[in-house]
Structures are given as C-alpha cells and as structure tokens.
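Counting starts at 1 for both ligands and their atoms, following the listed order. Numbering starts at 1 and runs along the sequence shown.
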Amino acid sequence: MSVSTKAAETSAPKLRSLLHQRDGQFTRELLLSPGGFGLGKVPESHKPDAVTKMVCGYCSTGCSLNVHLQKGEAVSLTPSRDYPVNLGMACPKGWEALSVLDSKERAFTPIIRRPNGKREATDWDTALTTFVSRVRQIQAEHGNDAVAFLSTGQMPTEEMAFLGALAKFGMGMLHGDGNTRQCMASAVVAYKQAFGFDAPPYTYQDFEESDVIVLVGANLCIAHPIMWERVMRNPHKPEIIVVDPRCTETAMQATQHLRLYPKSDMDLFYGIARILIANDWVDRDFIASSTNGFEEFAEHVEHFTLERVSASTRLPAEQIESLARAIHQGKRVSFWWTMGVNQSYQGVRTAQSLINLALMTGNIGRPGTGANSITGQCNAMGSRLFSNTTSLLGGYDFTNAEHRQHVADQLHIDPARIPSENSQSYDAIMEGILAGRIKALWVICTNPAHSWINQNQALDILDRLDFLVVQDMYSTTETAQLADLLLPAAGWGEKEGTFINSERRIGVLKRVARAPGQALSDFSIFRLVAHYWGCEDLFEEWKTPQDVFEILKRLSANRPCDITGIRDYQMIDECGGIQWPFPQGQGPQKQERRLFEDGRFYHEDERARFLFDEPKPLSEPPSKKFPFILLTGRATASQWHTQTRTAKSAVLRKLYSRDPYVEISPDDAREQGVGPNDWVLIESQRGRVKAKAFITHAVLPGQVFVPMHYSEINKLTDAVFDPHSRQPSYKACAVRLSRSYA
Ligand SMILES: Nc1nc2c(c(=O)[nH]1)N[C@H]1C(S)=C(S)[C@@H](COP(=O)(O)OP(=O)(O)OC[C@H]3O[C@@H](n4cnc5c(=O)[nH]c(N)nc54)[C@H](O)[C@@H]3O)O[C@H]1N2
Ligand SMILES: Nc1nc2c(c(=O)[nH]1)N[C@H]1C(S)=C(S)[C@@H](COP(=O)(O)OP(=O)(O)OC[C@H]3O[C@@H](n4cnc5c(=O)[nH]c(N)nc54)[C@H](O)[C@@H]3O)O[C@H]1N2
Ligand code: SF4
Ligand SMILES: [Mo]
C-alpha cells in the first residue's frame, strides 16, 4: 500500500515558506487563516462579551459549561442550567477547566531529540519532515506493521476518526489502539456479544426514575459526581445498593453495601440469579420473547448455592438474599457498573453476569432500568464507534469484505487501502515492541508511561523503540519526556468538534481560547501529516471538523448509531445535545432516548444472549510473602488520571494530597506498626512504591488502596488481561507493606 509522494513534492514548499516565518504568532495567524488547517479564527458567533455553551473535556458525564467570552476569548465559565445532563451543576474539574490551559509546562513548539540525546525545540517543518521520513524508513525496512499508534478517549470524535483513517488508510499502518482498552474494552465486548452491538441502553433520567439502583465497582461520588447528583434527585426513595470491596464515598451513602471479596462479583451475581430463578422471580414473557440461552444459564447457576457464594464473596448469606429480594421487589431496577467490573481478568463475563440479571427480570428498555456501563473519559463513546481501532469507522468490521467496500465507497477511496485484519490490542502492541516487531509508535493524547500496567516493563518497552512520537498538550508528561519527537497539541477549549457521553449524547466542543506558541489542534496536525506524507488527496473532504462530522453521519446511516437526523453542530447545541440513534426523518428530536424499548436487540434474531462462564480465582492471590490485596482507582473529584491537566490548577491542587498515599485498615496498621502519615513501602513482585499511610475503615483488613493519580503506582500492578477484551486487570494484585524509615 504505498502512497504517492506527489502531493508532498508539489505543495510542501508553499507550506514550508509559511512555516518558516520567524514570528511564532504571525506563523500561527497564517496557518490558522481561513482555508488553513481547520482551526480558523474564533467564530463571529462567539465574538465580544458573549456566552457560549460547550461540553466539559474530562469525564464521560458530559456536563455543559457556559463559557463567558471577552473579545472572543474565554474569561470564565459557569455550569449550564438548561442542559439536560448537569442542570446547572459541575464538579471542581469542570469549574477549573480553563485554568489548566495556561501553564509553563505546555508544549509550545515541536521538540526533537538530536542524535546526541539532547532535546531541542524545532519548527513544524523540521518536525513533520522528520516524522514522515523516519516512519517511511522504518516501514520500508521492517514492513508497514512495524509502526503503530496509541490514541485516546479524550479527543473529539472528528479528530479520532481522522487519526484512524490517516494512520490506516493513508500511512498503511495495521495496528492502532487506545487508552479506552484500559477502560471500556470489557463493556464493549460484553455488549457486542450480548446485544449484537456496543450499545449502553440508558439515559441519565434513569438515575431519577429507578426504585432500585445497583452500583457495582462504581464510585460515582468521586468519578462521576454529577451522575451522583442525578441519583440524589430521585424522588422515589430508591434503594441504593453498592457492591464494592471498599467503603467508598458512594458506599457510605448507600442503603445496602455489599463489601465483597475482590473479583468475586461473578459468583455473587450467579448466586443472585439462582435465587431469582428458585423463587420464580423472573420475567418469563420477556425471556421467551427477547432472549436466547436462558435454559443453559439457569442450569449453570444451579451450582451457585448460597453457601458457596457466601464463602467465595465472604458476604453474609442475609446480605446476598437481601439484594435478590430488592431486585425482585423493585419495579424499575437499574444495574450500573464501571472499573470495578471492567478492569479484571474476567471483566467481560462479570459485566455479562449483570446484563443477565437485567434480562431475566425484564429490567431493560423501560424508564429507570437497564444494564448500564458507565464510561470514563469525555469521548470514550466516540472512540468506541469512530476511532478506527477495534472496529472500522461506524462500528463496521475490518474482516468483512462488504463492510470494507461500503466504508470505502462512503469515503471515496480504494477498498484495498482498508486493512482486512483487526488491529492488535494495546497489550499485543506493547508485546510487539518487546519482541522487536514494532519499531515506531505514535502516541496521541494518552500517557502510557504512567497509566499502562506493570510500569517497569512498560518503560523498558517504550525505551526499545527506534522512534517514539508523542502528541500532547504538555511537554512534561512521563511519556512526552521519552519522546524522540514531541508534537505540541491544542487542548479542550482551543479547538472544535464533538464528544459522545456515557448516555450516547453528542455534545459540541468549541474554540474559545488560543493555543499557546505553535501548538496546533490535533485535527490540524493530522491535516499536516497527511500533507507531508503525500496522501492528502485521500482527505480532500476532511477540511474541517464539521466536514468530518458529515462523513461520520454518512457512515452511521442505517447502523444502530445512526445520526443522519442531525443537521449540524448548531442543531446539537440548540437541542441540548442529541443522543444516538437519531436517524433522518424519524420525528422530532426527543431530549431523552433509551434503547430496546421494543424488546428487540441487534443480533440477527433480534434476541439478547445469556452469556456465562466458570469464575476464576484471583490472578495473583495474597501469599505469605505478599499478604495484602492492592486495589487501585480514583481518589478525589479534583484529580484526573495522570494529573497532567488537573495538577496545573492551583485551586484543584489544594483539594488533594500532594504525596501519594495508601489506605490501610486500622488493624493492619497496628500490626505493621504504622501510624497516620508514616511513610510506608509497598512492594509487589514487580516493584516498590513509597506512600504515606492513611489509616481508615474504608478498606478491610488484608486489603489496601492506592490512587492511580501518582506517577509510580503502576510499578506494582500485574499485567494480566481479560481473555475476551484484553483489558488490563488493574484492580487486584498481591503486595506487602513495611514502615519506611528512609
Ligand atoms: N475525579 C475523577 N473522575 C474520573 C476519572 C478520574 O481520573 N478522576 N477518570 C474517569 C475514567 S477514565 C474512568 S474509567 C472512571 C472510573 O470510575 P470508577 O470505576 O467509578 O472509579 P475507580 O476508582 O477506578 O473504581 C471504582 C471502584 O471499583 C472498586 N473495585 C475494585 N475491585 C473491585 C471488584 O473486584 N469488584 C467490585 N465490585 N468493585 C471493585 C474500587 O474499590 C473502586 O471504588 O472515572 C472517570 N471519572
Ligand atoms: N493502576 C491503575 N492504572 C490505571 C487505571 C486504574 O484504575 N488503576 N485506570 C486506567 C484508565 S480507566 C484510564 S482511562 C487510563 C488513563 O490513562 P491516560 O490516558 O494515560 O491518562 P491521562 O492523564 O488522561 O492522559 C491523557 C494525555 O493526553 C494529554 N491531552 C489532553 N488533552 C489533549 C488533547 O486535546 N490533545 C492531545 N494531543 N493531548 C491531550 C494530557 O496532557 C495527557 O498527557 O489509565 C488507566 N490506568
Ligand atoms: S462531572 Fe465530569 S463532565 Fe461534569 S464537570 Fe465534572 S469532570 Fe466535567
Ligand atoms: Mo477510563
């Protein structure tokens, strides 16, 4: 799949002359002028002293923020009151979203590593010429699949689609995955297998309409605070049941808390299914009309007796029975899960054990019900449909010739450009680097040197690359510092596009601030790469994010995620976001839309599937040498992931501990001779980390919890994966503790 370099030869000189201007600001003005690279000036509609509405760029809740502008630039923001998601609320990250843009740590220019190892600022022309020549050279020597990319759930859909199309159809790459693998992969596979499409069925109104809300491995108060506010608005005095080994902020406010043993969820939910069946507390009509495989499932759960489940979950039998009774008594029961389920060596089947409960009790397709995976990042849902990583643009299948032909026709490209194989998953890409098969990696909008599992090994793997390109807002991230080439990116607020939130609602992102120095939107960077690569003729139609949105609309036609009814960004804005599906000609836009109201699913026979397996024991159980189970996750509403953004806000910094800390139960602290705030050494088989002791009943004896936000946490975690989704099992490994005197 070689591409012609003709375009690069003919038009690059003109571009270079623009890029060579000395004055950075002047250069940017030229680059960004109409007909430039997709950014343009701040639009007329947000000119002086106006207010414009846009969705937040952190979590998947997708709150809307009113951005107040002076002379076309943002000066402050407030949560939007008239948006159906957040109804006037925002969490601290949302309130502080603008302040993190202004930082000395921003990447202002491209940075290149010279042969002597020194990193130097450079201009875009040198950066892009180097990028293209190194990648081409590696592909020529080692094959196209010796170059891969890792992307994100935090860029607009239009940018993700551009990246996926550019890398695979333009530059001939075969392998590209995203940080969504660390996050959503288990839910995606669980839904695809059970429903026939990756389709979270709910709308946030369901939080307010349920009479029983079951939250599994989901700490809404910290990770999705505005979703929790929606729970608090529920007028039906709901039973709120939290299933989590820790007594989280959410569990503290639950009406029932099941503190199960880590990774025993499947046992618990099979045991619940058995009780429901034994009492005939199931919806026989729904099972008969809308599902397949119930009889086999009923047989499977026969073995999950109350005694067995009580032993494996370490929960009192009464708690298990009480949960089953609550599900039976509820008229509108909703099941919600997040990382306590997905991040597991058996995440897919655990998610399906919840889906099975919703199906067998007919709790789906009605207000206040559903088997509901909550996503993490602002645009994880966009990446699930349109990133061209695990599935072909629009949720199509790379391995299906008809799908490839259809997508090629829609894009007006030769179908031979579309790979006929699936990409390797994130862990296989990392393995590929270790084995020397992958030599170059392009990392966009993610920070694997901090977030990937088993960090010592991850750093060694990244170090083996011949060429590492990192495209980020900041030059100081753990991964950016390893880069051979750093491309400076504009961030949220400095560019346009759309995000899709957890309830499938598309929201608009706007440009309300100027990116610093020579930083460009990812969209503009992809346009430049296409140009330097010489494949820009493939992307003639892809001039602006709105153009790409039109292409994606076309690709969504007649798919479950059909959005052909959306006119343009302005319509999305006017409607308060639009949930998919919204096909053309199907009546007026409704503010709330849930799936499966007619009991029909996306498999050919229109039935959902019961899927199940034998539960497996912990992948690394505690031992004499490593007697504690380490749990990891989110710590405060003010910290975001690897802290590249949130740590830049002086306000947010005041709201959490600067030092890494470890939650230890009072019993264990006493036994280890550890007092409050003592430094503790946490060691696993793979590495050691120092953290301050936080003595709390939030964790049970034998378990400890460390936030994921501090740089070294993944030195401890164990690289094991779900066999179906290849999602890493971040949440449980064995560690030991000792008082650290150093
Ligand atoms: N403030 C803030 N909000 C965020 C983020 C952030 O970084 N900061 N990140 C966003 C992203 S990308 C994501 S994916 C979401 C994650 O949102 P959540 O999944 O809600 O957050 P976590 O803390 O990772 O994990 C949730 C809970 O899983 C529990 N858990 C661990 N093991 C098990 C188990 O075996 N079974 C059960 N039932 N529970 C278990 C943990 O104790 C933890 O309380 O948050 C999003 N929102
Ligand atoms: N131990 C442990 N590890 C975990 C988890 C856990 O629970 N426990 N959770 C996992 C999960 S669910 C997730 S989602 C991952 C998250 O892991 P990462 O994706 O690595 O974390 P972020 O800090 O969000 O990294 C995003 C990067 O993109 C940059 N960036 C932000 N906006 C833009 C933009 O518009 N353009 C560009 N080019 N760059 C931008 C930021 O500066 C940052 O460097 O972590 C995973 N790691
Ligand atoms: S809850 Fe999520 S989307 Fe809403 S303001 Fe906070 S980070 Fe932004
Ligand atoms: Mo995530």
Looking at ligand 1, does any of its N/O atoms fall within less than 3.5 Å of an N/O of [X]?
X	result
R246	yes
D265	yes
M339	yes
S638	no
K731	yes
N219	yes
W640	no
K263	yes
T338	no

Part of [X] within contact of ligand 1 (heavy atoms, under 4.0 Å):
X	value
T636	backbone
K93	side chain
M184	neither
H224	side chain

State whether the shortest distance between N or O atoms of [X] and N or O atoms of ligand 2 falls below 3.5 angstrom.
X	answer
T477	no
T632	yes
W492	no
Q643	no
Y474	no
T717	no
Q154	yes

Using a 4.0 Å heavy-atom threshold (strictly under), name the region of [X] that reaches ligand 2: side chain, backbone, both or neither.
X	result
T180	neither
C445	both
A490	backbone
D522	side chain

Under a 4.0 angstrom heavy-atom cut-off, which atoms of ligand 1 come close to [X]?
X	result
T248	44 (O)
I222	1 (N), 2 (C), 3 (N)
Q639	1 (N), 2 (C), 6 (C), 7 (O), 8 (N)
V216	38 (N)
A218	20 (O)

Of the protein's non-hydrogen atoms, which lies at the shortest distance from [atom], and what is that distance?
atom	value
atom 11 (C) of ligand 2	R634 NH2, 3.5 Å
atom 43 (C) of ligand 2	T644 OG1, 3.2 Å
atom 16 (C) of ligand 2	H641 ND1, 3.5 Å
atom 15 (C) of ligand 2	Q182 OE1, 3.2 Å
atom 31 (C) of ligand 2	M473 SD, 3.5 Å

From the list E620, K263, K731, Q727, side-chain contact (heavy atoms from CB on, under 4.5 Å) with Y345 holds only for K263

Note: heavy atom closest to atom 41 (C) of ligand 1, options D244, V243, T61, belongs to D244

Candidates G633, C59, A223; heavy atom nearest atom 3 (N) of ligand 1 found on A223

Q.
Any donor-acceptor pair under 3.5 Å linking the side-chain atoms of Y710 with those of Q639?
A. yes

Practice task
State yes or no: are the ring centers of W492 and Y58 separated by less than 6.0 Å?
Solution key: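 They do not qualify: ring centres at least 6.0 Å apart.
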
Would you say A732 contacts ligand 1, with heavy atoms under 4.0 Å as the rule?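 It does not; every heavy atom stays at 4.0 Å or beyond.
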
